[in-house]
Amino acid sequence: MFTTPFLDLPPLRAAQGTVRLPGSKSISNRVLLLAGLSEGTTVVHDLLDSDDTRVMLDALRALGCGVEARGADWHITGLAGQLPVKTANLFLGNAGTAMRPLTAALAVLAATQQGTFELKGIPRMHERPIGDLVDALRQLGCPIDYLGNDGYPPLRLNAGTGPLDTSAPIRVRGDVSSQFLTALLLGLPLVSAHGPVTIAVDGELTSKPYIEITLNLLARFGIAVQRDGWQQFTIPQGSRYRSPGSIHVEGDASSASYFVALGAIAAFDGRAIRIEGVGDDSIQGDIRFVDAARAMGAQVSSGPGWLEVRRGAWPLKAIDLDCNHIPDAAMTLAVMALFATGTTRLTNIASWRVKETDRIAAMAIELRKLGATVVEGADFIEISAPARWDRAAIHTYDDHRVAMCFSLAAFNPLAHPAGEVPVRILDPRCVGKTFPDYFETLFTVVEARTTDVPVLTIDGPTASGKGTLASAVAIALGYHFLDSGALYRATALAAMAAGVADTDEAGLAATAAGLKLKFSSQQIWLDDAEVSDDLRQEHVGAMASRVSVFPAVREALRALQLSHRRLPGLVADGRDMGTVIFPGADLKVFVTASAAVRAERRYKQLISKGIPANIDSLRADLEARDLRDQSRTVAPLKPAEDAKLFDNSELSVDQCVARVLEWWNARQAF
């Protein structure tokens with residue numbers, strides 16, 4: 001997962017490949033709670049690994065459930081409706097699928113089994129309404145206190161003074177959030193021992209497909225809810241949760257929407273996007289996003305557990321759609337509208353206002369940044385495509401769906417080839433709520449021109465700190481990192497192991513061409529052996545300097561270095577990255593320090609590793625290497641003409657990183 005403050009997406013031009021979806025958030029948290037309330041142990045397969053499921057797992061542990069990960073599966077041993085823990089403070093982040101159902105289940109358990117529980121979340125959760133659910137639970141006799149503003153979390157669920165009253169229907173509004181009804185359906189079987197429990201819905205029920213998911217899963221756990229349309233639901237007397245033994249969580253249909261849209265926009269000329277994990281057998285309402293995508297022009301084929309999408313009509317076609325049945329996935333339609341002819345109107349989306357953010361307002365603001373014409377209302381949004389695209393930094397409002405939707409805007413060259421622009425996604429880590437590896441997955445199936453993939457080069461002499469700086473900058477930007485010096489040191493190390501002399505240009509070039517290198521985090525592997533420390537030895541570095549003077553060696557390593565230019569971008573450090581390998585780099589930096597400072601740095605580095613060293617000889621060696629690198633006939637060490645120069649003798653690593661990022665942001669001009 002990208003944890004950088006922002007992620008820059010260069011202009012993207014096509015897409016093809018296969019995507020395996022993470023598990024459904026809606027199914028995952030419902031299954032976890034049902035398993036936690038049930039008798040017996042439930043093995044949950046393909047559970048979503050995300051922020052929302054982690055807070056639910058933490059809550060179940062705090063309540064006394066058995067929670068154990070075994071490989072990719074989770075084993076949840078339930079409470080059988082009995083509280084072993086009577087007091088707990090639960091932090092539920094911004095997970096509505098945890099806050100609302102746990103409120104209902106724990107309110108009735110606290111009231112009937114003399115418990116006390118406090119439920120809280122992040123500040124945005126404390127802005128998301130829960131009053132209608134609390135009002136419904138108070139009808140039963142559950143004592144609940146607001147710890148902040150009335151109608152909103154945080155809450156305290158208190159012990160009751162008598163039996164709960166289930167004789168009359170429990171009334172709840174249906175037009176704010178379907179999660180209130182879901183919460184009651186999941187929690188009220190706990191008080192059905194002495195009679196049936198009826199829930200009556202006031203008003204038009206929003207997001208009906210999510211109630212279908214709830215009813216389907218309740219049936220899997222032994223609760224056969226009787227229903228009268230969408231207005232009344234009855235839990236039979238004596239209902240109790242029973243583990244199904246094992247249960248599979250299907251892929252997230254809402255997450256599928258981004259890749260369905262991707263195929264509709266960018267899978268052309270024989271390309272296709274295949275989506276695995278969800279298909280035409282899905283129990284999720286958001287699978288009907290496929291119908292909306294088809295209406296806009298997508299070609300979609302499907303089967304059990306899979307979808308395959310290609311571009312059909314182009315440009316896409318505007319639609320006018322009541323989105324009550326796909327409230328989460330409908331956000332993706334708003335971004336698809338950027339690629340459509342005409343005005344797209346999405347209606348019956350009032351529930352967007354009370355999600356992770358006010359999504360109607362958020363989408364309107366960010367779509368306008370890109371140049372779209374947008375009209376918003378209480379429960380609708382209208383979008384017309386930009387006449388001219390503007391580069392924009394998309395504020396994501398700590399909302400995973402905003403971040404994922406707007407990644408598709410990077411395909412703007414397909415709408416206006418003459419006006420292509422990059423797109424910056426602020427706080428990309430917010431996708432951790434439902435799809436932590438979203439951007440990594442996206443980059444495996446999208447295509448960009450090589451020259452559009454941004455490159456930042458950091459060159460300098462030996463021990464100037466360029467590698468440390470480049471690595472830190474790469475981490476800050478979320479880009480790939482190329483330590484070109486490691487390639488030459490690996491060539492030297494491999495040559496020494498094979499007995500190739502440092503004067504044998506042909507033999508050294510053959511060694512370089514045959515390198516089997518793998519970079520993994522901070523480690524480097526050569527021929528399946530981890531060699532990170534070996535490459536830093538002084539005698540290896542000295543030979544690397546001698547090896548690097550040969551044109552044949554440099555040419556042998558050139559293609560390997562160029563291959564590191566991959567999405568979303570590259571930071572490359574070395575001695576000729578900005579002059580020879582990436583002469584068209586977006587930003588070139590040349591960093592140096594005095595020989596005395598560099599010798600002291602190297603001395604401290606070696607001593608810290610228990611390697612004996614002499615500072616005077618280190619300085620002499622560095623000066624000799626400088627002379628050799630500067631005077632070689634091929635790619636001599638020197639700054640590129642347009643490089644930014646600075647001496648870091650008196651600067652900390654953090655100061656150096658800040659300076660480079662300042663230059664970088666000035667070049668991007670978002």
Side-chain angles (χ1 to χ4, degrees), residues 1-3 7 15 17-33 35 42-58 67 69-74 76 93-98 209-210 213 217 246-263 273-287 289-290 302 304-309 326-329 331-332 355-356 396 398-408 425 428-446:
M1 181 174 68
F2 285 88
T3 58
L7 179 62
T18 299
V19 171
R20 181 75 188 179
L21 295 173
S24 161
K25 178 189 72 169
S26 298
I27 295 176
S28 290
N29 267 355
R30 285 168 171 81
V31 164
L32 287 177
L33 180 57
T42 304
V43 180
V44 184
H45 305 287
D46 297 324
L47 183 75
L48 172 65
D49 179 12
S50 75
D51 295 343
D52 280 19
T53 52
R54 281 190 284 274
V55 298
M56 179 64 91
L57 287 165
D58 288 344
V67 177
R70 298 184 189 174
D73 299 332
W74 287 87
I76 310 297
N94 197 16
T97 55
Y210 286 102
I213 294 174
L217 293 175
S246 66
I247 191 166
H248 163 74
V249 177
E250 67 179 56
D252 191 79
S254 301
S255 295
S257 72
Y258 314 117
F259 295 98
V260 172
L262 179 62
I273 292 292
R274 183 177 175 88
I275 303 161
E276 297 182 345
V278 68
D280 55 17
D281 57 342
S282 173
I283 67 171
Q284 298 168 76
D286 273 354
I287 194 64
F289 176 86
V290 168
S302 62
W306 64 271
L307 303 166
E308 196 162 276
V309 190
I326 52 169
D328 286 341
M331 293 175 67
T332 311
K355 295 287 188 175
E356 283 78 348
T396 51
D398 196 26
D399 189 331
H400 55 131
R401 301 210 182 279
V402 174
M404 292 186 278
C405 282
F406 277 96
S407 67
L408 300 173
I425 304 295
R429 77 188 74 193
C430 67
V431 302
K433 184 175 176 68
T434 52
F435 200 158
D437 295 330
Y438 171 75
F439 288 106
E440 291 87 343
T441 302
L442 179 71
F443 293 144
T444 67
V445 294
V446 301

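By convention here, the first residue in the shown sequence is residue 1. The structure displayed is predicted, hence computed values, not measured ones.
Put simply, CG on Leu7 and CZ on Arg429 are 12.0 Å apart, with the number rounded to the nearest 0.5 Å. Note that CG of Asp437 and CG of Leu442 are 12.0 Å apart. Values are rounded to the nearest 0.5 Å. Here the OG-CD1 distance, from Ser24 to Ile283, works out to 7.5 Å after rounding to the nearest 0.5 Å. Phe435 contributes atom CZ, which lies 9.5 Å from atom CG of Leu48 (distance to the nearest 0.5 angstrom). Note: Ser254 OG to Gln284 CD = 6.5 Å, rounded to the nearest 0.5 Å. The OG1 atom of Thr332 sits 8.0 Å away from atom CZ of Arg401, with the distance rounded to the nearest 0.5 Å.
Counting only heavy atoms from C-beta outward, the side chains of Phe439 and Val431 approach each other to under 4.5 Å. Between Val309 and Phe259, every side-chain heavy-atom pair lies at or beyond the 4.5 Å cut-off. No side-chain heavy atom of Asp252 sits under 4.5 Å from any side-chain heavy atom of Thr434. Using a 4.5 Å cut-off on side-chain heavy atoms (C-beta onward), Ile247 and Ile27 make no contact. In this structure, Leu32 and Ile76 have side chains that are in contact, with non-hydrogen atoms separated by less than 4.5 Å.
Of all heavy-atom pairs spanning Gly263 and Ile273, the tightest one is CA-CG1, 3.9 Å. Counting all heavy atoms, side chain and backbone alike, Asp49 lies closest to Pro436 at O-CG, 3.1 Å. Listed here is the closest heavy atom pair of Glu356 and Asp398: CB-O, 4.5 Å. Heavy-atom minimum distance, Ser50 versus Gly432: CB-O, 3.2 Å. Across all their heavy atoms, Leu307 and Gly279 have their closest contact at CD2-CA, 4.1 Å. Listed here is the closest heavy atom pair of Ala253 and Val278: CB-CG2, 4.2 Å.
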Stepwise side chain to side chain contact (heavy atoms under 4.5 Å, CB included) check, Asp51 with Asn94 = CA-CA 9 Å; Asp51 295 343; Asn94 197 16; over 6 Å; no
Stepwise side chain to side chain contact (heavy atoms under 4.5 Å, CB included) test for Thr97 and Leu33 = CA-CA 10 Å; Thr97 55; Leu33 180 57; over 6 Å; no
Could you walk me through whether Asp280 and Ile287 pass the side chain to side chain contact (heavy atoms under 4.5 Å, CB included) check?
-> CA-CA 7 Å; Asp280 55 17; Ile287 194 64; over 6 Å; no
Does the side chain to side chain contact (heavy atoms under 4.5 Å, CB included) test come out yes or no for Lys25 and His400, once each step is laid out?
-> CA-CA 12 Å; Lys25 178 189 72 169; His400 55 131; 4.3 Å; yes
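A salt bridge links Lys433 with Asp52: the closest approach of a Lys/Arg side-chain nitrogen to an acidic carboxylate oxygen falls below 4.0 angstrom.
Remark: side-chain polar atoms of Arg274 are not paired, donor with acceptor, to backbone N or O of Thr18 under 3.5 angstrom. No donor-acceptor distance shorter than 3.5 angstrom exists from the side chain of Glu276 to the backbone of Gly305, with no hydrogens or angles considered.
Checked against the 6.0 Å centroid criterion, the rings of Tyr258 and Tyr438 qualify as a close aromatic pair.
By the side-chain hydrogen bond (donor to acceptor under 3.5 Å, both in side chains) test, Tyr210 is found to be paired with Asp286, Asp328, residues two or more places apart in sequence or in another chain being considered.
Side chains of Ser282 and Glu250: a donor on one and an acceptor on the other come within 3.5 Å.
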